[in-house]
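Here the structure is a predicted model, which is why all the values come from computation and not from measurement.
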Amino acid sequence: MDNQLSDLVNKELKVDVAAPNKSPENDKAGNHSKRTENDKDGNHSKGSQNEKGGSQSKGKGKSGKFVLKTPKGTRDYGPMEMAYRREVFNVIYSVFHMHGAVQIETPVFELKDVLTGKYGEDSKLIYDLEDQGGEILSLRYDLTVPFARYVAMNKIDNIKRYHVARVYRRDSPAMTRGRYREFYQCDFDIAGQFDAMIPDAECVQLVHQVLSKLGLGEFTIKINHRKILDGVFGSCGVPSEKFRPICSAVDKLDKSPWEEVRKEMVDEKGLDEEVADKIGNYVKLSGREELLETLANDELLKSSPSAQAGFADLKLLFQYCKSLGCAEHLVFDMGLARGLDYYTGVIYEAVLTAGQNFGEEGPVGSVAGGGRYDGLVGMFDPKKKTVPCVGLSFGIERLFTIYEQKMRAESNKVRATQTEVFVVTACKGMVHERLKLLGLLHEAGIKAEGSYKNNPKILNQLQYAEDNKIPLVALIGESEVEAGVVKIRDTVTREETTIKREELVETVRQKLGGL
């Protein structure tokens, strides 16, 4: 293709780039379906109800016809949304690998007996599967209990593992805040007998690293200790059999005011009003190491071995986090309880403190949480052998919701495709030459694609590469084939370089490395 044709192509492209969606042939290069303005981000089904998870409509409309929608609390993800998700997943995976974790997988459903009795009041949110005449099964509620079952069943003494998979909860969904009934969790856990607070500090560090790398704004990592809470409950006069129900009530302080939590303690849990008021004096406190010292010397808690053991752990945790460089975001929050029954020691939760604007539904809440659960593995071992564990879980849907909002606000568009080279032919009857180049690039491990038409228009091919932000174009015409050369075009600058065909792979690699 001569320089005169190149100039003509660039001139025409300038017009097309100004309004790419107005061209009726805009999608012909790759045979991709054109989307309407409502579908720009990959939502292929029109209608606000479908985008919100289908919660507005039932299975059938007023006419009795079937309404096509996703189940309540679920949603589809289009190409652009998956591109955002891939970026968040990649950050989390990279940090997991940086800490030397290995990956495991467990079934999406478990024996119901495995899950029963592990989640306290949240057990009502477990999805039970219909009895098919065999085992009684339930969909997994989280990844922690299946991990404990895995450790016990395989007689593992120590492991540092991560697991990224879907979990299911019969919760009330809040779609814009990233709360679904089907969602991913990204878990990191350390199982084994180790010295106090060293694995726990690594978990806090990992949360700090992931949130810092995602760049979602300021965040706080709240910490507390189940032994401190148990010490407070016991010292205030809570009967031991009510420790977990009262802990579950305290866990709601991040969503409800103290007055509502107190009402639940008294009216629903049967706690004495005076005891509830004593608890309120403690669970409303938050601070840093100074608060630890103050409470450790509190007249009521001084005589509580449980509380004192918890204070000693958290003091050590602060020291280790300072050495790891992740202590500046730590806050000791006496109102943090983590409602699940299996926690036995340190508990933590990460909350974003800025950059959340979700209207009436409010902020997304915690984006990561976890803690120590030393007794869970022993529940599954026939000999009740315990394997101490500590871990954390990222709420990927909530992180994705905030990350996507941030990218849109900053007008940062990610690429839905990972294609590196688009092969363009300038003349008719060159489909075989185009396929030869594609085969050459694929053989070298280079991500490449081309048009699905026999004789596509050159402008449409180049426009497709620009619209999809494919960095390079490999362009050939009859003269290039006869001369044994290929033109490499930079999609951004539109600069072209003519190279020998045998130099194509190496040249592409060099140019991609410089981008």
Side-chain angles (χ1 to χ4, degrees), residues 1-36 39-40 42 44 79 415-512 515:
M1 189 171 77
D2 56 27
N3 291 332
Q4 187 175 12
L5 180 55
S6 295
D7 293 339
L8 178 61
V9 166
N10 286 336
K11 181 179 179 182
E12 291 296 324
L13 275 174
K14 287 177 183 177
V15 176
D16 282 330
V17 169
N21 289 325
K22 291 183 180 180
S23 171
E25 311 233 4
N26 190 43
D27 61 341
K28 286 186 179 179
N31 201 29
H32 288 251
S33 300
K34 195 171 85 171
R35 296 176 301 202
T36 65
D39 297 329
K40 284 183 179 178
H44 295 285
R415 293 176 56 208
T417 173
Q418 298 184 50
T419 305
E420 297 167 323
V421 180
F422 193 78
V423 178
V424 172
T425 48
C427 310
K428 292 183 177 181
M430 300 197 68
V431 61
H432 290 289
E433 296 298 331
R434 183 167 71 244
L435 294 177
K436 288 177 184 178
L437 276 191
L438 282 170
L440 179 65
L441 292 168
H442 289 161
E443 184 69 24
I446 295 170
K447 303 179 184 72
E449 63 174 312
S451 173
Y452 292 127
K453 292 181 176 291
N454 284 323
N455 300 307
K457 294 181 180 179
I458 185 172
L459 287 179
N460 291 340
Q461 296 174 81
L462 294 174
Q463 190 70 63
Y464 177 85
E466 293 196 1
D467 288 348
N468 290 277
K469 302 185 184 301
I470 300 172
L472 298 176
V473 165
L475 195 152
I476 53 172
E478 290 179 351
S479 59
E480 281 78 18
V481 173
E482 291 174 2
V485 298
V486 179
K487 285 190 175 181
I488 300 297
R489 177 186 177 93
D490 187 303
T491 305
V492 175
T493 65
R494 296 180 179 174
E495 294 178 357
E496 293 181 358
T497 305
T498 301
I499 61 170
K500 294 180 180 179
R501 188 185 183 96
E502 57 266 26
E503 298 172 352
L504 174 62
V505 170
E506 186 59 33
T507 301
V508 166
R509 285 174 174 163
Q510 290 177 357
K511 287 184 175 292
L512 290 174
L515 295 177

Under the salt bridge (charged side-chain N to carboxylate O under 4.0 Å, His left out) rule, collect the residues that match up with Lys436, sequence neighbours excluded.
Glu433

Can you list everything that forms a side chain to side chain contact (heavy atoms under 4.5 Å, CB included) with Ala416? Sequence neighbours excluded, please.
Pro79, Met80

Quick one: CD1 on Ile476 to CD on Glu482, what's the gap to the nearest 0.5 Å?
12.0 Å

Nearest heavy-atom approach of Leu475 to Ala426 is CD2-CB, 4.5 Å

Looking only at non-hydrogen atoms, find the nearest pair between Phe422 and Ala465 and report the distance.
CB-CB, 4.1 Å

Any heavy-atom pair between the side chains of Cys427 and Glu480 that's under 4.5 Å?
no

Decide yes or no on side chain to side chain contact (heavy atoms under 4.5 Å, CB included) for Lys511 and Leu472, but give the supporting numbers first.
CA-CA 8 Å; Lys511 287 184 175 292; Leu472 298 176; 3.9 Å; yes

Side chain of Arg489, backbone of Val473: donor and acceptor closer than 3.5 Å?
no

Counting only N and O atoms by type, is there a donor-acceptor contact under 3.5 Å from the side chain of His442 to the main-chain atoms of Ala448?
yes

Rounded distance (nearest 0.5 Å) linking atom CD1 of Ile488 with atom CD of Glu495
13.5 Å

Shortest non-hydrogen contact from Glu503 toward Thr507
O-OG1, 2.8 Å

Test of understanding: with side chain to side chain contact (heavy atoms under 4.5 Å, CB included), list the residues that count as partners of Ala483, not counting sequence neighbours.
Val485

Kindly determine whether Met430 and Val481 satisfy side chain to side chain contact (heavy atoms under 4.5 Å, CB included), including the steps that lead there.
CA-CA 10 Å; Met430 300 197 68; Val481 173; 3.4 Å; yes

If you measure from the Lys or Arg side-chain nitrogens to the Asp or Glu carboxylate oxygens, is any gap between Glu466 and Arg494 under 4.0 Å?
yes

Non-neighbouring partners of Thr417 that pass side-chain hydrogen bond (donor to acceptor under 3.5 Å, both in side chains), sequence neighbours left out
Thr419

Tell me the side-chain hydrogen bond (donor to acceptor under 3.5 Å, both in side chains) pairs involving residues 420-431, sequence neighbours left out?
Thr425-Arg434

When you measure from the side chain of Asn455 to the backbone N and O of Gly429, does any donor-acceptor pair fall under 3.5 Å?
yes

With sequence neighbours excluded, what pairs up with Glu502 under the side chain to side chain contact (heavy atoms under 4.5 Å, CB included) test?
Lys500

Between Leu512 and Pro471, is any pair of side-chain heavy atoms under 4.5 Å apart?
yes

At their closest point, which heavy atom of Ile470 faces which heavy atom of Tyr464, and how far apart are they?
CD1-CE2, 4.0 Å

